[in-house]
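Just so we're on the same page: letters track the sequence lines, and every chain starts at 1.
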Amino acid sequence: MYFCYSNYILHMSQRIKIKALLQSTQTDVEVTVKGWVRTFRNNQFIALNDGSTNNNLQIVVDFQNTDEALLKRITTGAAISATGMLVASLGKGQTVEVKATSIEILGDSDPEKYPLQPKKHSLEFLREIAHLRFRTQTFGAIFRVRNSLAFAVHQFFQNQGFVYLHTPVITASDAEGAGEAFKVTNFDLANPPRTEDGQIDYKQDFFGKATNLTVSGQLEGELGAMALSDIYTFGPTFRAENSNTTRHLAEFWMIEPEMAFYDLQDNMNLAEGLLKYVISYALEHNREDLEFLNQRLLEEEKNKPQNERSEMTLIEKLEFCLNNDFERLTYTEAIDILINSTPNKKKKFQYPVEGWGTDLQSEHERYLVEKHFKKPVILTDYPKEIKAFYMRQNDDGKTVGAMDILFPGIGEIVGGSQREERLDRLEQRMDEMGIPKEELWWYLDTRRFGACPHSGFGLGFERLVLFVTGMGNIRDVIPFPRFPKNAEF
RNA sequence: UCCUGAAUAGCUCAGCCGGUUAGAGCAUCUGACUGUUAAUCAGAGGGUCGCUGGUUCGAGUCCAGCUUCAGGAGCCA
């Protein structure tokens with residue numbers, strides 16, 4: 001249904017979303033609202049929320065003229081429908097309220113059993129009741145922001161003529177080396193068919209070969225880009241790593257654009273542009289939610305010692321991110337900075353930075369982003385030994401055209417590269433790294449027929465949501481997180 | 001997977017050097033009050049102290065193993 005706010009008010013018989021109502025300037029009209037009771041104060045005031053906004057609508061009940069049995073059923077968590085006059089509020093804390101003429105209980109909520117109380121709950125507890133945590137202010141705000149970010153991602157790419165490409169969720173190639181994959185089979189696991197030498201006989205499996213859930217859509221994405229020019233994927237990705245951290249999930253959503261005729265600079269420009277676009281979109285369209293999350297973070301950090309608190313509030317951090325260019329430097333330059341850094345000289349790093357060639361540890365990345373530059377950093381041109389086979393080899397013979405974007409508090413949010421388009425160089429690297437060329441014949445075909453310079457990257461969607469909402473644990477920014485020992489709900 | 005820490009009422013936590021009947025705040029229930037903002041006031045109910053074993057006259061407390069959770073590390077997005 002297409003609508004504007006004034007239309008809303010005219011259709012009195014219809015249910016009105018609370019967001020529209022609170023924005024309305026019209027009062028003294030009869031309205032019907034439906035939602036869930038957050039609290040019922042003083043036998044008189046219902047704080048009603050329907051998820052359209054973080055703010056509650058106050059429903060005033062004439063308790064002296066209302067059936068007592070009905071009043072008893074207005075409990076935290078109950079779904080109700082309320083009809084009454086929208087009036088200017090007599091109390092403080094809200095501009096308008098609804099003076100109810102009738103209240104209907106749509107769904108009771110037994111207060112003895114309903115786990116959510118009108119009080120602060122720990123994020124750990126809410127994680128255990130993830131099916132109900134949407135009903136809290138924090139999670140309502142998080143998932144509205146997540147929604148906006150997802151929409152903005154599509155809008156950013158669509159505005160530039162990118163094609164949204166659906167790469168497969170089930171794949172046969174495990175050659176990418178992007179992490180442990182979950183196996184996909186319809187064998188009876190207790191008794192799988194075996195070959196004569198006792199190996200599991202995947203020829204008899206559903207796909208006639210061993211298959212797994214995708215760990216990346218990149219290789220297929222490249223195939224699309226070699227005809228459509230600019231594509232992006234945005235879908236679920238699966239990693240069977242035994243990762244138990246605040247920034248890893250076994251099932252997460254990843255955005256992977258691939259662009260023909262893009263070099264590494266173009267690639268970085270696109271990634272930085274994307275991040276800034278979606279952040280500004282959220283700031284514009286989710287102001288109230290972000291202000292709530294901003295406040296939540298301030299409250300949380302009150303309990304921390306001064307030196308552990310953020311220098312900027314959440315919203316300041318997001319705005320700062322928009323108003324400053326990301327710092328771009330090479331891996332080699334980063335190593336120089338780290339070697340000469342105070343913590344390295346004072347041996348404060350757990351892993352001392354001794355020289356060129358090793359991968360950066362989290363503490364090194366954090367130093368660069370949070371202490372040295374104090375803004376997002378793009379690191380480029382890593383040693384080829386620590387990067388994937390498909391990255392374009394630089395002329396120096398030791399580095400590749402990789403780029404990682406590091407964000408404060410998150411670490412790596414984007415990982416990408418210019419792709420190696422030269423067949424001989426690519427095959428040579430695959431041989432060196434033990435990647436089976438036969439399995440990836442279709443990938444190599446793009447280098448045989450009309451190869452061209454091209455680039456792409458992967459953006460971890462939940463890490464983006466983590467950054468924008470200021471939350472600390474990735475398990476709190478996806479509705480139902482999957483991680484080792486947990487696939488509840 | 002490794003390191004550190006934790007697990008006590010529905011939730012958040014206290015419980016000292018091992019010692020009688022395990023406490024508080026909030027929530028819930030009952031009553032009072034009725035323009036409240038996590039309402040307030042009075043009262044009540046609510047516990048296999050994560051699980052299994054061990055030490056001990058005696059274990060919420062000490063020891064071992066396991067499970068789960070949190071934070072950090074690795075793998076990465």
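- Going from the C1' atom of B:A64 to that of B:U21 covers 31 Å, rounded to whole Å.
- A heavy-atom distance below 4.0 Å to RNA chain B is reached by these residues of residues 408-418 of chain A, ordered by number: A:Glu412, A:Ile413, A:Val414, A:Gly415.
- Here the P atom of nucleotide B:G31 and the CG atom of A:Leu71 are 13 Å apart, to the nearest Å.
- The distance from atom CG of A:Leu126 to atom C1' of B:U12 is 12 Å, rounded to the nearest whole Å.
- Pairs of residues two or more places apart, or lying in two chains, that qualify as salt bridge (Lys or Arg N to Asp or Glu O under 4.0 Å) and include a residue from residues 116-128 of chain A are A:Arg127-A:Asp476.
- Rounded to whole Å, atom P of B:A77 lies 17 Å from atom CG of A:Leu213.
- Ring-base stacking between A:Phe461 and B:A77 is not satisfied when judged by a centre separation under 5.5 Å and a plane angle under 30°.
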Distances under 3.5 Å between protein N/O atoms and the N/O atoms of nucleotides 35-38 of chain B, please, pair by pair.
{"residue": "B:G35", "atom": "O6", "partner": "A:Lys99", "partner atom": "NZ", "Å": "2.6"}
{"residue": "B:G35", "atom": "N1", "partner": "A:Glu97", "partner atom": "OE2", "Å": "2.9"}
{"residue": "B:G35", "atom": "N2", "partner": "A:Gly91", "partner atom": "N", "Å": "3.0"}
{"residue": "B:G35", "atom": "N2", "partner": "A:Glu97", "partner atom": "OE1", "Å": "2.7"}
{"residue": "B:G35", "atom": "N2", "partner": "A:Glu97", "partner atom": "OE2", "Å": "3.1"}
{"residue": "B:U36", "atom": "O4'", "partner": "A:Asn42", "partner atom": "ND2", "Å": "3.3"}
{"residue": "B:U36", "atom": "O2", "partner": "A:Arg41", "partner atom": "NE", "Å": "2.9"}
{"residue": "B:U36", "atom": "O2", "partner": "A:Arg41", "partner atom": "NH2", "Å": "3.4"}
{"residue": "B:U36", "atom": "N3", "partner": "A:Gln58", "partner atom": "OE1", "Å": "3.0"}
{"residue": "B:U36", "atom": "N3", "partner": "A:Gln58", "partner atom": "NE2", "Å": "3.0"}
{"residue": "B:U36", "atom": "O4", "partner": "A:Gln58", "partner atom": "NE2", "Å": "2.6"}
{"residue": "B:U36", "atom": "O4", "partner": "A:Gln94", "partner atom": "NE2", "Å": "3.1"}
{"residue": "B:U37", "atom": "O4'", "partner": "A:Arg41", "partner atom": "NE", "Å": "3.1"}
{"residue": "B:U37", "atom": "O2", "partner": "A:Arg41", "partner atom": "NH2", "Å": "3.4"}
{"residue": "B:U37", "atom": "O2", "partner": "A:Gln94", "partner atom": "OE1", "Å": "3.4"}
{"residue": "B:U37", "atom": "N3", "partner": "A:Lys92", "partner atom": "O", "Å": "2.7"}
{"residue": "B:U37", "atom": "N3", "partner": "A:Gln94", "partner atom": "OE1", "Å": "3.4"}
{"residue": "B:U37", "atom": "O4", "partner": "A:Lys92", "partner atom": "N", "Å": "2.8"}
{"residue": "B:U37", "atom": "O4", "partner": "A:Lys92", "partner atom": "O", "Å": "2.3"}
{"residue": "B:U37", "atom": "O4", "partner": "A:Gln94", "partner atom": "NE2", "Å": "3.4"}
{"residue": "B:A38", "atom": "N3", "partner": "A:Pro118", "partner atom": "O", "Å": "3.4"}

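- In this structure, A:Lys375 places its NZ atom where more than 12 heavy-atom neighbours from other residues, nucleotides or ligands lie under 6.0 Å away.
- Distance noted for atom C1' between B:C76 and B:U4: 23 Å (whole Å).
- Positionally, the nearest nucleotide of RNA chain B for A:Leu360 lies more toward the 5' end than for the other of A:Leu360 and A:Met254.
- Taking the ring-ring contact (aromatic ring centres under 6.0 Å, His included) definition, one finds that A:Phe326 meets it with A:Phe407, sequence neighbours left out.
- Regarding A:Lys387, its NZ atom lies at a distance of 11 Å from the C1' atom of B:A77, rounded to whole Å.
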Please write out the pairs of protein N or O atoms and N or O atoms of nucleotides 42-50 of chain B separated by less than 3.5 Å, giving the distance to one decimal.
none

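- The ring of A:His154 has its center no closer than 6.0 angstrom to the ring center of A:Phe156.
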Between the protein and nucleotides 68-73 of chain B, which nitrogen or oxygen pairs come in under 3.5 angstrom?
{"residue": "B:A70", "atom": "OP1", "partner": "A:Arg127", "partner atom": "NH1", "Å": "2.7"}
{"residue": "B:A70", "atom": "OP2", "partner": "A:Arg475", "partner atom": "NH1", "Å": "2.9"}
{"residue": "B:G71", "atom": "OP1", "partner": "A:Asn473", "partner atom": "ND2", "Å": "3.3"}
{"residue": "B:G71", "atom": "OP2", "partner": "A:Asn473", "partner atom": "ND2", "Å": "3.2"}
{"residue": "B:G72", "atom": "OP2", "partner": "A:Thr246", "partner atom": "OG1", "Å": "3.3"}
{"residue": "B:A73", "atom": "OP1", "partner": "A:Arg366", "partner atom": "NH1", "Å": "2.8"}
{"residue": "B:A73", "atom": "OP2", "partner": "A:Arg247", "partner atom": "NH2", "Å": "2.7"}
{"residue": "B:A73", "atom": "O2'", "partner": "A:Tyr351", "partner atom": "OH", "Å": "3.4"}
{"residue": "B:A73", "atom": "N6", "partner": "A:Asn244", "partner atom": "O", "Å": "3.4"}

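- Aromatic rings of A:Phe480 and A:Phe134 (six-membered ring for Trp) have centroids within the 6.0 Å cut-off, being under it.
- Comparing the C1' positions of B:A27 and B:G10 gives a spacing of 7 Å, expressed to the nearest Å.
- Taking A:His454 as the reference, nothing meets the ring-ring contact (aromatic ring centres under 6.0 Å, His included) condition, with sequence neighbours excluded.
- Taken from CG in A:Asp110 to OG1 in A:Thr76, the straight-line distance is 11.5 Å, to the nearest 0.5 Å.
- Here the separation of B:G50 from B:A6, taken at their P atoms, is 13 Å to the nearest Å.
- The distance between atom CZ of A:Phe238 and atom P of B:A77, rounded to the nearest whole Å, is 16 Å.
- Protein atom NE2 of A:His121 is 8 Å distant from nucleotide atom P of B:U12, rounded to whole Å.
- Separation of the A:Phe252 and A:Phe238 ring centroids does not fall under the 6.0 Å cut-off.
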Pair up each side-chain donor or acceptor in residues 482-489 of chain A with any protein partner under 3.5 Å, not counting sequence neighbours, and list the distances.
{"residue": "A:Arg482", "atom": "NH1", "partner": "A:Glu488", "partner atom": "O", "Å": "2.9"}
{"residue": "A:Arg482", "atom": "NH2", "partner": "A:Phe489", "partner atom": "O", "Å": "2.6"}
{"residue": "A:Asn486", "atom": "OD1", "partner": "A:Glu488", "partner atom": "N", "Å": "3.2"}

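- Between A:Glu299 and A:Lys302 there is a salt bridge, since a side-chain N of the basic residue sits under 4.0 Å from a carboxylate O of the acidic one.
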Both atom distances under 3.5 Å, Watson-Crick or G-U wobble: I'd like the secondary structure of RNA chain B as a dot-bracket string, with | for pairs made across strands. (((((((..((((.....[...)))).(((((.......))))).....(((((..]....))))))))))))....

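- Following rounding to the nearest Å, A:Glu251 (CD) and B:A77 (C1') show an atom-to-atom distance of 14 Å.
- Across B:U52 and B:G60, the matching P atoms stand 13 Å from one another, rounded to whole Å.
- With sequence neighbours excluded, the residues forming a side chain to side chain donor-acceptor pair (under 3.5 Å) with A:Gln158 are A:Tyr232, listed by chain and number.
- Position along RNA chain B of the nearest nucleotide to A:Asp359 versus A:Leu116 favours A:Leu116 as the more 5'-ward residue.
- For the C1' atoms, the distance linking B:G35 with B:C26 amounts to 24 Å, nearest Å.
- Taking atom P on both nucleotides, B:U36 is separated from B:C13 by 32 Å, rounded to a whole Å.
- Checking A:Ser310 against A:Glu301 by side-chain atom types alone, a donor-acceptor pair falls below 3.5 Å.
- Here A:Glu272 pairs with A:Lys276, A:Arg328 under the side chain to side chain donor-acceptor pair (under 3.5 Å) rule; sequence neighbours left out.
- Using bins of under 30°, 30° to 60° and over 60° for the plane-to-plane angle, the ring pair A:Phe349/A:Tyr367 lands in the perpendicular bin.
- Counting only residues at least two apart or in different chains, ring-ring contact (aromatic ring centres under 6.0 Å, His included) contacts with residues 78-124 of chain A comprise A:His121-A:Phe125.
- A donor-acceptor pair shorter than 3.5 Å cannot be found between the side chains of A:Asn267 and A:Asn269.
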Could you walk me through whether A:Gln295 and A:Glu291 pass the side chain to side chain donor-acceptor pair (under 3.5 Å) check? CA-CA 6 Å; A:Gln295 204 55 40; A:Glu291 272 166 10; over 6 Å; no

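- When the P atom is used for both B:U8 and B:A14, the distance is 10 Å, rounded to whole Å.
- Atom CE of A:Met403 is separated from atom P of B:A77 by 12 Å (rounded to the nearest Å).
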